[in-house]
Structures are given as C-alpha cells and as structure tokens.
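Worksheet: the structure to be examined is printed underneath.
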Amino acid sequence: MPVVAAIVCFSAAVCSPESVIVIDGDTIVVQGEHIRILGINAPELSKAKCRDETVRGLRARSRLMDLMQDGNVVVERGEGRDRFDRYRRTLAHVSVDGVDVGETLMREGLARRWVQRYVKMEEPWCQSNVDAALKAWN
C-alpha cells in the first residue's frame, strides 16, 4: 500500500508527524487505525466492475496521497451512528489546511456523495457519461 508522510492532527492541540497509508480513494490508516472518509464513496480498486472504475480508483488514491502531503491533516472523528462503518473503520471528516478532502475528491470527479440507502441509482463509474452520472449523485 502507498505510504505518505504527513503531519496528522486528531485534535487541535495534538499534531505529530505520521506515516499515512492510503488504501484507496476514501480510506487511510494512521497509527494502525483504519479511517474511512465520512460522506464520500470513491471508485473500488479490488472489486471494480469495469476498467474505467479501476482507472478512476487509482486516480482517486493518487490524488488522496497528494492531498495528504500538502499540509496539516486534521482528522475529526464522527459521533453517534457516524463513529464506525460496518467494517469497524473509524468514520471521520479529513481536511488538509482547512480544506475538506472528501469535497475536493467529489469536485474533481474522483468520488461521489455517500448515501445510507441506494435510491435505484447505478454507481457512476462504469456508465457511458461518468461526469453526468456523478452530477446526479452529488
């Protein structure tokens, strides 16, 4: 898995240099803690349904690696139902120098908004017009 060096803050007062493992476009590992970026879903790498999804998944992971190196990484853990996902990953908003990483990935077409329940919409990654499909999601 790709690893980047970053200054990671789990609270405003506690920041330290850390190795950040970037699993894919929406999951990182810091100090052994698997963190899923809250509110987004990036294309799959291991279970991609088409070549375009794999390509976008690789681009999303690469972009997330770049973002992690751009400044101080702040991890704000979710609360209540938003503390963990079904795989027991910590759900968290992640920002770099005050810029929300999830919003950046969505704006750049490398992630879509995550929803609790699907509303009969296909994942956008393998559709003929990915950009139009993403607009419907986001």
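Computed from a predicted structure; not experimentally measured. Counting begins at 1 with the first residue of the sequence.
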Task: Over all atoms of both residues, closest heavy-atom pair of M106 and R112 - done: SD-C, 3.6 Å
- [ ] State whether the side chain of E103 and the backbone N or O of V99 hold a donor-acceptor pair below 3.5 Å, judged by distance alone.
- [x] no
Task: F84 six-ring centre to R88 NZ/CZ under 6.0 Å and within 45° of normal - done: yes
Task: Side-chain (T104) to main-chain (D100) donor-acceptor, under 3.5 angstrom - done: yes
Task: Shortest non-hydrogen separation from W125 to A42 and the atoms involved - done: CZ2-C, 4.2 Å
Open item on the list: Can you confirm whether C9 sits close enough to V74 that some side-chain heavy atom of one is under 4.5 Å from a side-chain heavy atom of the other?
Closed with: yes
Open item on the list: So, applying side-chain contact (heavy atoms from CB on, under 4.5 Å) with W114, which one of N41, D85, L91 is it?
Closed with: N41
Open item on the list: Looking at every non-hydrogen atom in both residues, tell me the closest pair between V20 and V8 and how far apart they are.
Closed with: CG2-CG2, 3.8 Å
Open item on the list: Minimum heavy-atom separation for M65 and P2, please, with both atom names.
Closed with: SD-CB, 3.3 Å
Open item on the list: By the definition side-chain contact (heavy atoms from CB on, under 4.5 Å), identify the one residue from D26, V94, V101 that meets it with I40.
Closed with: D26
Open item on the list: Hydrogens and angles aside, do R89 and T27 bring a side-chain donor and acceptor to less than 3.5 Å of each other?
Closed with: yes
Open item on the list: Less than 4.5 Å apart, side chain to side chain, heavy atoms only: is that true for S95 and H93?
Closed with: no
Open item on the list: Could you report the tightest heavy-atom contact between R77 and A92, atom names first, then the distance?
Closed with: CA-CB, 3.8 Å
TODO: Please tell me if the side chains of V22 and D24 come closer than 4.5 Å, counting only heavy atoms from C-beta onward.
DONE: no
Open item on the list: For E44, is there any backbone N or O sitting under 3.5 Å from a side-chain donor or acceptor partner on E53?
Closed with: yes
TODO: Taking all non-hydrogen atoms of both residues into account, name the closest pair between L110 and P43 and its distance.
DONE: O-CD, 3.2 Å
